Amino acid sequence: MSATIQLVEHCKTLRLKIDKNVTYLPYLSELNGKYIKYIDVCDEVTEDEDGRQYVGFSDDLFLSLIEKDTNVIKYDNFSLENFCISKTRQNRLLLNFKVDMEQSFLQCNNTQKIGKYIYILVWYTDLGDVNKVTEGENGLYCANSFEVQLKEQKNFFPDNREIFGKKFLNFLLYAPDPQEEPIPPIPPIGNGGGETAVVSQNICPCSYPRTYNNNISIIKEQSKDLFITLVKNSTKIFDSVPLYLFLYDNVYNYLTFNKIEFDFTLSYVTIAKSRVDEIKQWKLAVMFNCIYED
Amino acid sequence: MIIENLYTLSYDLKSPLIYLSKDNYTEGMKVNRVLQFSEGDGLSKSFNLRPLCSKYDVNSLFLDFYYNNKKRNSKNIALPNLSKNSLINFYLDEDINFQISKIVNKKLQDKDILISLALDNDEAVDVMQWGSAKTMYINTEYIEKRDIYPLSLFNGAEFFAKKKVKRIISNFANGYITIKDKEGRNCQNMPLSLLMYNYKNEEIWLRDYEINIYESFITFNEEPQNFLLTFYY
């Protein structure tokens with residue numbers, strides 16, 4: 001089948017804690033009155049910016065979604081597997097209805113998962129039935145790039161005047177695999193007296209690819225530990241979306257942004273808590289190619 | 001992806017610029033996808049017989065597109081991103097320049113990259129309905145070795161010449177196919193890797209090609225042992 005356009009405008013992240021066998025979804029004011037288009041379970045995210053740990057792929061979790069105002073059970077005990085990105089490969093199930101979050105719930109049949117978190121993305125629009133990008137005058141697009149240097153846990157987009165104020169259709173992440181394995185750390189040497197020699201952790205990303213501006217790029221594996229937030233008028237229009245979604249490697253479909261505009265220098269990339277020191281030490285950068293309307 | 005026409009360019013990394021002359025192309029035709037191929041796609045040589053960049057070499061290449069006399073340029077496109085999505089689109093009767101804007105590794109100047117321009121005419125026709133599929137076994141062992149193998153040389157080609165072909169699947173990647181149809185459309189030097197089943201999770205379809213088997217041909221980088229082409233029609 002040819003890929004259908006997956007048009008998106010906003011994304012809210014739900015860091016859902018599995019409290020008990022039945023966990024009701026929280027009320028989210030941003031979703032009030034909005035059409036939920038897609039749900040993604042980012043089952044390859046293991047940790048977020050606050051250090052919460054996430055369960056991986058699960059075939060023992062089931063989601064029930066109730067439609068707002070009608071109370072119709074649109075999805076009844078639907079396996080969460082159908083929303084897991086590792087399985088869907090971004091060929092998303094179109095929902096396109098208003099969800100009553102507080103009546104909708106997650107059922108967990110595995111007590112070992114209670115107390116753990118699931119990383120859920122909720123893609124929504126203000127209007128229903130928006131499935132085609134409104135074409136510009138000639139339907140032609142431009143591509144450009146920008147880079148975000150990773151110096152802190154929260155790293156703002158650069159001041160790039162060329163793409164300020166543009167209407168974006170997509171971001172494509174540049175995060176190739178490294179050509180060779182990085183040099184592994186040398187393990188500490190112990191002697192009979194119980195002392196250990198201090199050796200440096202000689203992990204060198206010198207085999208990592210370089211970005212256009214000759215910074216050391218992140219690699220594919222690290223894209224699961226990084227998150228992007230797009231801000232417009234103090235509102236997060238994309239809230240902590242894992243970067244690996246924009247890699248589009250080995251996927252069946254991809255996102256299309258509905259010509260979204262946002263405040264460039266107020267938007268940012270964040271790093272999973274336990275990865276911050278490692279990434280800061282190597283002074284890595286994230287490079288995106290972006291597509292926008294001509 | 002639905003392909004109406006396709007043109008492949010072999011780009012020598014010694015040259016700074018490649019110019020796409022509008023004289024060779026039909027007015028109004030729109031390139032909707034620009035694809036990039038490397039050794040990692042199962043190819044070993046470009047059709048100029050020069051070595052191809054590996055999939056790792058490609059990681060350190062960035063491309064600019066300049067539209068002459070117009071402001072709309074696309075810049076700093078990481079080559080691994082080029083084939084994903086409709087990153088670049090343009091009308092072929094514009095004057096276009098491509099430029100590899102940066103090469104970090106000087107050794108790459110001895111290599112080629114391959115770029116294919118996939119065109120359609122913007123009609124939203126659902127071509128994915130097909131009736132039958134049939135496989136043609138191409139045995140080069142009993143044919144005099146040559147650089148170019150016209151499709152007419154192979155048993156079964158006459159059968160497909162009378163059909164409206166919607167899809168071709170190859171089991172071998174290391175070569176190129178040029179397909180011309182009776183209406184004048186053509187896919188020039190299409191890498192066979194694009195026709196491997198589920199190429200990068202994408203289905204590649206043709207729009208009812210009535211293949212001219214005398215003007216369509218295959219070139220191989222290495223001789224295949226068991227080469228099959230399956231035609232959907």
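Residue numbers begin at 1 in each chain, while the letters A, B, ... track the order of the sequences. Since this is a predicted model, take the numbers as computed values, not measurements.
Atoms CZ and CG, from A:F288 and B:N81 in turn, are 10.5 Å apart once rounded to the nearest 0.5 Å.
When heavy atoms are compared at a cutoff of 4.5 Å, A:L172 approaches chain B by way of both its backbone and its side chain. For chain B, the nearby part of A:L255 is the backbone; its heavy atoms alone come within less than 4.5 Å.
Between the side chain of B:K75 and the backbone N or O of A:C142, no donor-acceptor pair lies under 3.5 Å. Checking side-chain atoms of A:N144 against main-chain N and O of B:N76 turns up no donor-acceptor pair under 3.5 Å. A donor-acceptor pair under 3.5 Å links the side-chain atoms of A:Y174 to the main chain of B:N59, judged by distance alone.
The aromatic rings of B:F62 and A:Y212 stand perpendicular to each other, their planes meeting at an angle above 60°, with 30° marking the opposite boundary.
Annotation: B:K182, atom NZ; neighbour count of heavy atoms from other residues, nucleotides and ligands within 6.0 Å is above 12. More than 12 heavy atoms of other residues, nucleotides or ligands sit less than 6.0 Å from atom NZ of A:K280.
Residues B:N201 and A:N250 have side chains that bring a donor and an acceptor to within less than 3.5 angstrom of each other.
The shortest non-hydrogen separation linking B:A78 to A:N289 is N-OD1, 2.9 Å. When all heavy atoms are compared, the tightest approach of A:L247 to B:K84 is O-NZ, 2.7 Å.
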